[in-house]
Undergrad: 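Got a structure for you, questions after.
Each chain gets a letter, A, B and so on, in the order its sequence line appears, and its residues count up from 1. Because the structure is a prediction, the values reported are computed rather than measured.
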Protein chains: 2
Amino acid sequence: MEISSTEENYLKAIYALQSSGDKPGVSTSSLSEHLNNKAASVTDMLKRLSDKKLIHYKKYKAVSLTKQGEKLAIAIVRKHRLWEVFLMEKLNFKWDEVHEIAEQLEHIKSDELIERLDGFLGQPKYDPHGDPIPNAKGVLPKPKTSALSKIQNKGLYIFVGVNEHHVDFLRHLTSIGLKIGDQIKIEEHNSYDGSYLIRINKKPGQYISHKVASNLLIEIKS
Amino acid sequence: MEISSTEENYLKAIYALQSSGDKPGVSTSSLSEHLNNKAASVTDMLKRLSDKKLIHYKKYKAVSLTKQGEKLAIAIVRKHRLWEVFLMEKLNFKWDEVHEIAEQLEHIKSDELIERLDGFLGQPKYDPHGDPIPNAKGVLPKPKTSALSKIQNKGLYIFVGVNEHHVDFLRHLTSIGLKIGDQIKIEEHNSYDGSYLIRINKKPGQYISHKVASNLLIEIKS
DNA sequence: ATCAATTTTTAGACTAACCTAAATTTATTT
DNA sequence: AAATAAATTTAGGTTAGTCTAAAAATTGAT
Ligand SMILES: [Mn+2]
Ligand SMILES: [Mn+2]
Ligand SMILES: [Mn+2]
Ligand SMILES: [Mn+2]
């Protein structure tokens, strides 16, 4: 069965929304917003995806992916994230530049290509933003989930990922000298506004807002 | 101005046919055959490409690329051939496997990507089939044009490219142990059927047909 | 439980890229 | 120079993927 790039984008969107949201299903309007399409267009496509048995769809009800639909969605996520690693590691793109190009590359159809790319890159487990890369079987490494804002204790941590992927946010982190893998020392937590005083790799301390902190994923330094 | 992948494929086809053929223009029927589309569909697209000023088109006359159309066509050829080099050099695909995947990759839109890929590959001048790779300005290195079948003299040559790109032909060459860069010693030329007795890299001699010889591009060993 | 607001679906239209069948133009024979 | 053959275009359709406007269903507030 042939799957178009457009259909792939819908599957990916449903997958993203159903993983992020707390509820099980995904609404027409959330897809409409996520894909920048009108709700009527979404309904149209939902019917076609349903005909292809890629989603569970009942009129006026939230949709969800079938086994097959999820398998495809995860395969696309795998391709997207592997290409992002390629762009960053091999072609020296910055982490705020890779997503847009990967949006195109993720639709290239060749299983052999993606498996060889995976090998070439050394089977990376996480992409340049700290997102987990599913393996060829569709199994995801455990996601990085611990936001800095959840932690009050002083101590040493490692910056391992971002919650927010917008270019502006990524550039902001770059401008304050923060990149994946850096050490973060929490020196102070202000319960008043939720801001932090931190040191990145032992450099001079600086304040970061609660909003920024809530989008930084960290691990305790081992 | 937005150019679709389909439009890109038409431009590439016109470019290929106008470079290969002796005549200046390209006919609707040759495009129809090359692209496996009906002539009526071709006419349809020719009008649209003409509206976009990418081709010169007059009803019932052969078409040709405008300056802008040629620039785009060459850019696509550049992308195609660079991706072929990538697939072969970095991902270890065989030379008969790269074309199909490159047909997809050539439509990825990002100038930055292709320039970085070019750098990553060491600015190759020829692709895995010996075809010249245009530089970023659209200038082509001189093409390999000397077919083995044009030569009767015994002597030492280097195999530098193929005229024919079909998978079967490429696999045949692989099966007789011939790859780009190999030395070919002409030991005998049979004027009766145009076949040759050759030695590849000093290995035992073998016969190749006129047809094969006519698709092998060689240079005199310097 | 009813009514209003919101969400979703339907109906009807549009474009890109294809198709078949028929008409037209150009090329080739006689 | 006609007549025939071949190439090309036109006319009219189809599908994927989008849209707007209107109808229908669901949700949520009184
Ligand atoms: Mn991304
Ligand atoms: Mn990412
Ligand atoms: Mn090729
Ligand atoms: Mn090639």
Side-chain angles (χ1 to χ4, degrees), chain A residues 1-14 17-18 21-65 69 72-73 76 103-104 106-107 109, chain B residues 1-14 17-18 21-65 69 72-73 76 103-104 106-107 109:
Chain A
M1 187 184 29
E2 298 284 284
I3 310 262
S4 70
S5 296
T6 309
E7 289 170 327
E8 289 188 342
N9 283 334
Y10 271 85
L11 293 176
K12 196 168 56 125
I14 296 167
L17 291 170
Q18 90 179 7
D22 35 340
K23 315 256 169 52
V26 175
S27 69
T28 300
S29 55
S30 62
L31 279 167
S32 166
E33 179 165 13
H34 192 86
L35 294 162
N36 279 306
N37 279 347
K38 298 298 170 182
S41 310
V42 172
T43 299
D44 218 74
M45 178 59 92
L46 292 181
K47 282 180 193 159
R48 265 176 288 156
L49 292 174
S50 180
D51 289 346
K52 291 190 171 183
K53 308 235 184 292
L54 298 174
I55 61 171
H56 300 292
Y57 174 66
K58 296 275 176 217
K59 269 191 200 181
Y60 296 101
K61 295 282 191 53
V63 299
S64 58
L65 295 168
L72 287 172
I76 300 155
E103 284 292 304
Q104 297 180 62
E106 73 189 3
H107 301 295
K109 281 172 180 60
Chain B
M1 186 186 31
E2 298 284 285
I3 310 260
S4 69
S5 295
T6 309
E7 289 170 327
E8 290 188 341
N9 283 335
Y10 271 84
L11 293 177
K12 196 169 54 125
I14 296 167
L17 291 171
Q18 90 181 7
D22 34 341
K23 317 252 169 54
V26 175
S27 70
T28 300
S29 53
S30 62
L31 279 167
S32 166
E33 179 166 14
H34 192 87
L35 294 161
N36 279 306
N37 279 347
K38 297 299 167 182
S41 310
V42 172
T43 300
D44 218 73
M45 178 60 91
L46 291 182
K47 282 179 192 159
R48 266 176 288 156
L49 292 174
S50 180
D51 289 346
K52 290 190 171 182
K53 308 234 185 292
L54 299 174
I55 61 171
H56 299 292
Y57 175 66
K58 296 277 176 216
K59 270 194 197 178
Y60 295 102
K61 295 281 191 57
V63 299
S64 59
L65 295 169
L72 287 172
I76 300 156
E103 285 291 304
Q104 297 180 63
E106 72 189 5
H107 301 295
K109 280 171 181 60

Undergrad: Please enumerate all residues that pass side chain to side chain contact (heavy atoms under 4.5 Å, CB included) together with Ala13(B), with sequence neighbours excluded.
TA: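 In terms of side chain to side chain contact (heavy atoms under 4.5 Å, CB included), with neighbours along the sequence ignored, Ala13(B) is linked to Leu31(B), His34(B), Leu35(B).
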
Undergrad: Reckon Arg48(B) has a side-chain N or O less than 4.0 Å from the OP1 or OP2 of dA17(C)?
TA: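 The answer is yes; a side-chain N or O of Arg48(B) sits under 4.0 Å from OP1 or OP2.
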
Undergrad: How many Å lie between CD on Glu7(B) and P on dA16(C), as a whole number?
TA: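 So the CD-P distance, Glu7(B) to dA16(C), works out to 8 Å.
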
Undergrad: Take the protein atom CG of Asp51(B) and the nucleotide atom C1' of dA17(C), then report the distance between them rounded to whole Å.
TA: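 So the two atoms are 15 Å apart, to the nearest Å.
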
Undergrad: I'd like to know if the side chain of Gln104(A) reaches the main chain of Lys109(B), judged simply by a donor and an acceptor atom lying under 3.5 Å from each other, with no hydrogens or angles considered.
TA: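 Side chain of Gln104(A) to backbone of Lys109(B): a pair is present.
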
Undergrad: Minimum heavy-atom separation for Ile55(A) to Leu46(A), with atom names?
TA: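 Heavy atoms only, the tightest pair is CD1-O, 3.3 Å.
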
Undergrad: Could you state the atom-to-atom distance from CG of Asn37(B) to P of dA17(C) in whole Å?
TA: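 It works out to 11 Å between those atoms.
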
Undergrad: From CD1 of Ile3(B) over to P of dA16(C), roughly how many Å is that when rounded to an integer?
TA: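 Ile3(B) atom CD1 is separated from dA16(C) atom P by 13 Å.
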
Undergrad: Please list, chain by chain and in numerical order, all residues satisfying side chain to side chain contact (heavy atoms under 4.5 Å, CB included) with Glu103(B), sequence neighbours excluded.
TA: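 Result, side chain to side chain contact (heavy atoms under 4.5 Å, CB included) vs Glu103(B): Lys12(B), His80(B), His99(B), Glu106(B).
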
Undergrad: Check side chain to side chain contact (heavy atoms under 4.5 Å, CB included) between Glu7(B) and all other residues, then give those that pass, not counting sequence neighbours.
TA: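 For Glu7(B), the residues satisfying side chain to side chain contact (heavy atoms under 4.5 Å, CB included) (neighbours in sequence not counted) are Ile3(B), Ser4(B), Met45(B), Leu49(B), Lys52(B).
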
Undergrad: Could you go over nucleotides 3-10 of chain C and give all protein N or O partners under 3.5 Å, atom names and distances?
TA:
residue: dT8(C); atom: OP2; partner: Ser29(A); partner atom: N; Å: 2.8
residue: dT8(C); atom: OP2; partner: Ser29(A); partner atom: OG; Å: 2.8
residue: dT9(C); atom: OP1; partner: Tyr57(A); partner atom: OH; Å: 2.4
residue: dT9(C); atom: OP1; partner: Tyr60(A); partner atom: N; Å: 2.9
residue: dT9(C); atom: OP2; partner: Thr28(A); partner atom: OG1; Å: 3.2
residue: dT9(C); atom: OP2; partner: Thr43(A); partner atom: OG1; Å: 2.8
residue: dT9(C); atom: O4'; partner: Tyr60(A); partner atom: OH; Å: 3.4
residue: dT10(C); atom: OP1; partner: Lys59(A); partner atom: NZ; Å: 2.5
residue: dT10(C); atom: OP2; partner: Lys47(A); partner atom: NZ; Å: 2.5

Undergrad: Between which nucleotides of DNA chain D, 5' to 3', does chain A make heavy-atom contacts below 4.0 Å?
TA: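 Here the contact window of chain A covers dA16(D) to dT26(D).
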
Undergrad: Under 3.5 Å, which donor-acceptor pairs link side chains of residues 36-43 of chain A to any protein atom two or more places apart or in another chain?
TA:
residue: Asn37(A); atom: ND2; partner: Tyr10(A); partner atom: OH; Å: 2.9
residue: Thr43(A); atom: OG1; partner: Ala39(A); partner atom: O; Å: 3.2

Undergrad: How close do Leu65(B) and Ala73(B) get, heavy atom to heavy atom, and via which atoms?
TA: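 For Leu65(B) and Ala73(B), the tightest heavy-atom pair comes out as CD1-CB, 4.1 Å.
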
Undergrad: I'd like to know if Asp51(B) pairs up with Lys47(B) as an ion pair, taking the criterion as any Lys NZ or Arg NE/NH1/NH2 lying under 4.0 Å from an Asp or Glu carboxylate oxygen.
TA: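 The answer is no: the pair does not qualify as a salt bridge.
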
